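Atoms considered below: every heavy atom in the structure, side chains included; atoms not considered: hydrogens, waters and symmetry mates. Bear in mind the structure is a predicted one, so any value in this text is a computation, not a measurement. Convention: sequence-line order gives letters A, B, ...; per-chain numbering from 1.
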2 protein chains.
Amino acid sequence: MPVEAKVDISARPASPPLTERQEARRRRILHASAQLASRGGFDAVQMREVAESSQVALGTLYRYFPSKVHLLVATMQDQLEHMHGTLRKKPPAGETASERVAETLMRAFRALQREPHLADAMVRALTFADRSVSPEVDQVSRQTTAIILDAMGLTDPTPAQLSAVRVIEHTWHSALITWLSGRASIAQVKIDIETVCRLIDLTEPDEKK
Amino acid sequence: MPVEAKVDISARPASPPLTERQEARRRRILHASAQLASRGGFDAVQMREVAESSQVALGTLYRYFPSKVHLLVATMQDQLEHMHGTLRKKPPAGETASERVAETLMRAFRALQREPHLADAMVRALTFADRSVSPEVDQVSRQTTAIILDAMGLTDPTPAQLSAVRVIEHTWHSALITWLSGRASIAQVKIDIETVCRLIDLTEPDEKK
DNA sequence: ATCAAGTCTGAAACTTGTTCTAGATTAGCG
DNA sequence: CGCTAATCTAGAACAAGTTTCAGACTTGAT
């Protein structure tokens, strides 16, 4: 039994370029997804509703995004691009790299606080994603890494710095989850971010090596 | 409309003590859960199957564990207790606190590698859990904190040390997820753990303050 | 031992993610 | 234009988590 090649059209450098109407459909779907998510979070994004809101048949929705998690992760990619653009315009002002990274992440955090339900939907999808969504989740991860490296002001990071960035991302995701599930306060998240950002300082004094 | 008080019997210091048969039921359920999880991970733990395997009616299963996520988080609590016991017997041998913590987490990681599907089920449940599972997730978190503090050999940690531990836990959870979803290798997880554990060293030299 | 309250069972029903199907539409091409 | 393959639609069907309910069984107190 051949496993029907089920291609995720939303994969970034998509194989066949989308027609105009298809691009429009994709936009409508992502918009509906974000809208519903903004209301009630992960649970409120119901595939039938997304389909209806975006004027698309359920089957079509599934052709564009092979699962709810795919859809929400794509929604996150979308939002992340916005965010990266916004952040680029006003770079963080901190003295040290770790300050700038912490400032950047806190800025992103405040943006998420404005739409906590949307944040819930996206982050839950991200961490719940299984292997079938790996490419998309990886893309989100790369984007996040790029944002952090931007804040550090680095063009070619050392391995030690990349490790620090990885750990910062881990902390960022996990801290968001504890906040979203009400187990950590905003202040606590701030502390966690600031704490992990000190790791960057450990990678700075590399002249002694 | 009164929100029917739906008490999770599995909550640790349970309100009414369970009878023997109830305790036995609870054990059977957790055992079946772990067994099914060991096979196919999160998806393989199907409530109907758990009920059947543990010789309990579906409704009863839901009385003991109000959702699949509750069940899996309870399963994790159970496993964590084992683990803590095991770890206590052979304390880590490292010189510094950060080495001992890294060693302890790597030991736990190797245990998880032996049952990757079970790990998948438990960790996915943990990060997917919403507010209704907060108490149970918190309990898991406290247990994890205890394990790490044990490894550090601390009785009363400073706030800075607690922050470091929080970040280590964040990294631990998130690194596990990237490993489970195939986006990070075992080696990568090792590096991440070792990297974050250096944070502990930053809290050591407190005599100069 | 007996009664009331609480618990367990088996089965059906409901919800929402996902798949499938048959027929209409659209896109690209000669 | 007219054809063919791909895409889209509406709607049914299926799967698994969750809820509900009537009746049988236990438990604890009298």
Side-chain angles (χ1 to χ4, degrees), chain A residues 1-10 14-26 28-29 33 36-37 40-73 121 124-125 128-130 132-133, chain B residues 1-10 14-26 28-29 33 36-37 40-73 121 124-125 128-130 132-133:
Chain A
M1 67 182 161
V3 177
E4 191 176 341
K6 196 190 298 178
V7 184
D8 179 358
I9 294 188
S10 76
S15 335
L18 301 185
T19 73
E20 211 167 294
R21 306 183 58 187
Q22 286 175 322
E23 191 55 49
R25 268 189 209 104
R26 183 166 190 283
R28 285 207 306 278
I29 293 173
S33 166
L36 287 170
F42 189 89
D43 293 331
V45 180
Q46 301 193 355
M47 298 305 268
R48 283 173 240 261
E49 283 207 47
V50 172
E52 193 173 353
S53 288
S54 49
Q55 304 264 263
V56 137
L58 191 53
T60 306
L61 172 52
Y62 273 95
R63 171 184 279 275
Y64 280 69
F65 302 97
S67 79
K68 174 169 170 171
V69 169
H70 280 84
L71 170 58
L72 285 172
V73 170
R124 298 263 294 285
F128 191 59
D130 64 7
S132 72
V133 204
Chain B
M1 69 185 155
V3 177
E4 190 176 341
K6 194 191 299 180
V7 184
D8 180 356
I9 294 186
S10 76
S15 336
L18 301 185
T19 73
E20 212 168 294
R21 305 183 59 188
Q22 287 174 322
E23 192 54 50
R25 267 189 210 105
R26 184 166 189 282
R28 285 207 306 278
I29 292 172
S33 166
L36 287 170
F42 189 89
D43 294 330
V45 180
Q46 301 193 356
M47 299 303 269
R48 283 173 240 260
E49 283 207 45
V50 173
E52 193 174 352
S53 288
S54 49
Q55 304 265 262
V56 137
L58 192 54
T60 305
L61 171 52
Y62 273 95
R63 171 184 278 276
Y64 280 68
F65 302 97
S67 78
K68 173 169 171 170
V69 168
H70 280 85
L71 171 57
L72 285 172
V73 171
R124 298 264 294 286
F128 191 58
D130 65 7
S132 72
V133 203

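You'll find the ring centres of B:Phe128 and B:Phe42 outside the 6.0 Å limit.
Summarising the geometry, the separation between CD on A:Glu52 and P on D:dC8 is reported as 19 Å, rounded to the nearest angstrom. Separating the CD atom of A:Glu20 from the P atom of C:dG28 is a distance of 11 Å, rounded to the nearest angstrom. One can place CZ of B:Arg28 at 11 Å from P of C:dC8, the figure rounded to the nearest angstrom. Note: CZ (A:Phe128) to P (C:dG17) measures 12 Å, nearest angstrom. What separates CZ of A:Arg63 from C1' of C:dT21 is a distance of 14 Å, to the nearest Å. Between the P atom of D:dA10 and the CG atom of A:Leu61 lies a distance of 13 Å, rounded to the nearest Å. Between B:Leu72 atom CG and D:dT18 atom C1' there is a gap of 15 Å when expressed in whole angstrom units. When rounded to the nearest whole Å, the span between CZ of B:Arg26 and C1' of C:dC8 equals 18 Å.
Checked against D:dT9, C:dG10, D:dA12, the side chain of B:Ala57 finds its nearest nucleotide in C:dG10. Taking the side chain of B:Leu58 as heavy atoms from C-beta on, and the options D:dT7, D:dT19, D:dA12, the nearest nucleotide is D:dT19. Out of C:dT18, D:dT18, C:dC8, the shortest distance to the side chain of A:Tyr62 is found at C:dT18. Of the listed nucleotides (C:dT9, C:dG17, D:dT7), C:dT9 has the atom at the smallest distance from the side chain of B:Val56.
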### Step-by-step side-chain contact (heavy atoms from CB on, under 4.5 Å) determination, A:Val73 to A:His70
CA-CA 5 Å; A:Val73 170; A:His70 280 84; 5.9 Å; no

### Query
Step by step, would you call B:Arg124 with A:Asp130 a side-chain contact (heavy atoms from CB on, under 4.5 Å)?
CA-CA 9 Å; B:Arg124 298 264 294 286; A:Asp130 64 7; 3.9 Å; yes

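The side chain of B:Gln55 places no N or O atom within less than 4.0 Å of a non-bridging phosphate oxygen (OP1 or OP2) of C:dC8. Contact between the side-chain N/O atoms of B:Tyr64 and the OP1/OP2 oxygens of C:dT7 is not found at any separation under 4.0 Å. Residue B:Gln22 places no side-chain N or O under 4.0 Å from the OP1 or OP2 atom of D:dT26.
Within the 3.5 Å criterion, the main-chain N or O of A:Val45 finds a donor-acceptor partner in the side chain of A:Lys68.
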Side-chain donor-acceptor pairs under 3.5 Å in residues 50-58 of chain B, sequence neighbours left out?
{"from": "B:Ser53", "atom 1": "OG", "to": "B:Glu49", "atom 2": "O", "distance (Å)": "3.2"}
{"from": "B:Ser54", "atom 1": "OG", "to": "B:Val50", "atom 2": "O", "distance (Å)": "2.5"}
{"from": "B:Ser54", "atom 1": "OG", "to": "B:Ala51", "atom 2": "O", "distance (Å)": "3.4"}

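A:Leu72 and A:Ser33 get closest at one heavy-atom pair: CD2-OG, 3.7 Å. The heavy-atom pair separating B:Met47 from B:Tyr62 by the smallest distance is CG-OH, 3.3 Å.
Judged by closest nucleotide on DNA chain D, B:Ser67 is the one of B:Ser67 and B:Arg21 placed further toward the 5' end. If you find the closest nucleotide of DNA chain C to A:Lys68 and to A:Thr19, the one lying nearer the 5' end belongs to A:Lys68.
In the region residues 41-49 of chain A, proximity to DNA chain C at under 4.0 angstrom, judged on heavy atoms, holds for A:Val45, A:Gln46, A:Met47, A:Arg48.
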